[in-house]
Amino acid sequence: MILDSEPLLHSRALYVEGKWVSPVEGGTREILNPADGTAIAVVAEADRTDVATAIAAARTAFAAGHWPATPVTERAELLVRIAELLDTHRDEIARIETLDTGKTLSESHTDIDDVIAVFRYYARLAPTAADRLVDTGNPEVISRVVHEPVGVCALIAPWNYPLLQMSWKIAPALVAGCTMVAKPSEVTPLSTIALVELIDRAGAPPGVVNLVQGSGGVVGAALTDNPDVDLISFTGGAATGATIARTAAEHITRVALELGGKNPHLVFADADHDTAVDAVLTGAFLHSGQVCSAGTRLIVEESIADDFVAELAHRAARIRVGPGMDPATRTGPLVSEEHRAKVEAYVALGISEGATLITGGKRPDDPALESGSFYLPTIFDHCRSDMRIVQEETFGPLLTVERFTTEAEAITLGNDTDYGLAAGVRTTDPSRGERVVRALRHGTVWLNDFGYYTPAAEWGGYGRSGNGRELGPGGLAEYQETKHIWHNTAPKAGGWFTDT
Ligand code: NAP
């Protein structure tokens, strides 16, 4: 158990068929607090045998038919009970998320509120998602299109929004009538363990939700190459997504991929200056840039660029970096030493590519932050779109700046990416705003805002940002098969072979 336990440092088991069980080989993994490098928990580490057992439990629960056949209103009631329990344990889970990921406590609270909203949204939506009657032109035929659960789902989530990303999968999968095996990132599994504890307390039948922990290379691979899995829903990096898609192709397993982004933020000269500066800073440096939709690519109109960038640099240098548990902190550490090393390599690359470093580009000087994986908000000016720091997802507090002079050039730059997850546009001219948002090839485009989403609107990417949609009705459809039922109420011989 992770909830109600103090300190967190205990071995956490796997959850299979409604029971907390130890991995066959007894493997464990230490979970570190990125703010100071200390161990905060020891969790179970599964291997391929444990994964196979969990998938078998999900398959048995699905085949038994109880959960898929449970009326959707009853499945929705389970989601409401989970939402209520999350609300009750809101502060405790926020603390766990902050200790595990490094994000500030207020960010963790926001995540949990969003997660609660998602469980409640799907509890409301699913019972209203009616079947469709189709007019065949034949009054003796009743033709219906109905939706059924897709089956056993493998749910794989990343480390940056562990609770949120896993909940975007579990809530629709549950209400659709699927059974599942969830795998959080090995780096940040704690809030998912807490969520599964609450799902257990809320009364999910055994085998419907199962939890395995461990590395992507072993546990993730064992989930994705198993022919008994009907759907893999994956959120993570593009390279891992490509590996999973190749593996899934072997068994024609359905795959939903929510991948990375390199998200442009277009600022026109007529934009409201103060709100634009504020939004660009928040878009780039919240959670130290470890956000799939982070606006890490500023594309600003030449006539205001010098002043705009100078103010950004001034304010970025004053962002208070520190431990997420400190209420004065505005952005926390990077998730690990290993990840900070990657970000540092990108900064070195930016310098070697000829971009102008105007702030940050180093670790904080404060000796109190030495043991954490902190990195200062960093801005590179005078970037070109052919630079790797402009094209590749650095997943750190690293903002690049490009300049444009015409609307057409701004759009070309905004679309000059293999990704297509999210983009922002800032202008006070509504018709230009509308033209530009329609021209941008990204799954979410914010006009005079940045970073917001709602459970009722689909989320997902164009291009290398993936092929699935989460949230909204489309997020429920990911977990459903579509069946056409043709019912002839007055069957007669068809007439093709009457002469035989
Ligand atoms: P990642 O390295 O691709 O890992 C994501 C998940 O996949 C983790 O649980 C990981 O396990 C697992 N995994 C790794 N290798 C695997 C394999 N061969 N087979 C199956 N599973 C495997 O991504 P990350 O570094 O955790 O997360 C950052 C990425 O996620 C960024 O690219 C970010 O943009 C993207 N992201 C996208 C969205 C979106 O909505 N589109 C949202 C959030 C994040 P381990 O961690 O245990 O290795």
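By convention here, the first residue in the shown sequence is residue 1. Because only heavy atoms are used, hydrogens play no part in the values below, and waters and symmetry mates are left out as well, while side chains stay in. Counting convention: from 1, in listed order, for ligands and their atoms alike.
Screening Thr101, Ile193, Asp111 for a side chain to side chain contact (heavy atoms under 4.5 Å, CB included) involving Pro162 leaves a single residue, Thr101.
Regarding atom 46 (O) of ligand 1, its nearest protein heavy-atom neighbour is Ser185 OG, 2.8 Å. The nearest heavy-atom contact from the protein to atom 12 (C) of ligand 1 is Ile156 CG2, 3.8 Å. In this structure, atom 27 (O) of ligand 1 lies nearest to the protein heavy atom Pro158 CB, 3.2 Å. For atom 21 (N) of ligand 1, the closest non-hydrogen atom of the protein is Gly220 CA, 3.5 Å.
The residue among Gly261, Ala157, Gly216 with a heavy atom at the shortest distance from atom 6 (C) of ligand 1 is Ala157. Looking at Glu186, Glu470, Lys262, Gln213, it is Glu186 that brings a heavy atom closest to atom 45 (P) of ligand 1. The heavy atom nearest to atom 29 (C) of ligand 1, considering only Ala221, Ala182, Gly466, Gly236, is found in Gly236. Comparing heavy-atom distances from atom 39 (C) of ligand 1 across Ala238, Ala222, Cys292 singles out Cys292 as nearest. Of the listed options Tyr453, Phe395, Phe234, Phe234 places a heavy atom closest to atom 7 (O) of ligand 1.
Remark: ligand 1 atoms within the under-4.0 Å shell around heavy atoms of Thr240 are 1 (P), 2 (O), 3 (O), 13 (N), 14 (C), 15 (N), 16 (C), 17 (C), 22 (C). Ligand 1 places these atoms under 4.0 Å from at least one heavy atom of Gln165: 42 (C), 43 (C). Annotation for ligand 1: atoms under 4.0 Å from non-hydrogen atoms of Gly214 are 47 (O). Residue Gly237 approaches ligand 1 through these ligand atoms, each under 4.0 Å from one of its heavy atoms: 1 (P), 3 (O), 23 (O), 29 (C), 30 (O), 32 (O). Using a 4.0 Å cut-off to heavy atoms of Ser215, the atoms of ligand 1 that qualify are 47 (O). Atoms of ligand 1 found under 4.0 Å from any heavy atom of Asn160, numbered from 1 in the order shown, are 43 (C), 44 (C).
At a 4.0 Å heavy-atom cut-off, ligand 1 touches Glu393 through the side chain alone. Of the heavy atoms in Leu259, only backbone atoms (N, CA, C, O) come closer than 4.0 Å to ligand 1. Counting heavy atoms closer than 4.0 Å to ligand 1, residue Thr235 contributes atoms from both its backbone and its side chain. With a 4.0 Å heavy-atom cut-off, ligand 1 is reached by the side chain of Ile244 but not by its N, CA, C or O.
A cation-pi contact links Lys103 to Tyr161, judged by a cut-off of 6.0 Å to the six-membered ring centre and 45° from its axis.
Of all heavy-atom pairs between Phe380 and Ala355, the closest is CD2-CB, 3.6 Å. Taking every heavy atom of both residues into account, Leu211 and Pro184 meet most closely at CD1-CD, 3.7 Å.
Ring centroids of Trp159 and His339 are separated by less than 6.0 Å, placing the two rings close together. Taking the six-membered ring wherever Trp is involved, the centroid distance between the rings of Trp446 and Tyr453 does not fall below 6.0 Å.
Looking at Tyr15 and Asn210, their side chains never bring a donor and an acceptor atom within 3.5 Å of each other. Neither side chain, Thr110 nor Glu107, offers a donor N or O lying under 3.5 Å from an acceptor on the other. Judged purely by distance below 3.5 Å, without hydrogens or angles, the side chains of Ser373 and Ser336 never pair a donor atom with an acceptor atom.
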*Run the side-chain hydrogen bond (donor to acceptor under 3.5 Å, both in side chains) check on Thr235 and Lys169 step by step: do they pass?*
CA-CA 10 Å; Thr235 302; Lys169 302 180 189 304; 2.7 Å; yes
_From CA spacing to verdict: side chain to side chain contact (heavy atoms under 4.5 Å, CB included), Val80, Arg124_ = CA-CA 9 Å; Val80 172; Arg124 284 192 308 275; over 6 Å; no
*Show your reasoning for whether side chain to side chain contact (heavy atoms under 4.5 Å, CB included) applies to Leu190 and Ile40.*
CA-CA 10 Å; Leu190 302 184; Ile40 49 172; 3.8 Å; yes
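Ligand 1 is approached by Trp159 to a heavy-atom distance shorter than 4.0 Å.
Formation of a donor-acceptor pair under 3.5 Å by the Glu353 side chain with backbone atoms of Ile389 is found in this model.
Between Trp459 and ligand 1, at least one N/O pair is under 3.5 Å apart. Backbone and side-chain nitrogen or oxygen atoms of Lys183 are examined, and one is located within less than 3.5 angstrom of a nitrogen or oxygen of ligand 1.
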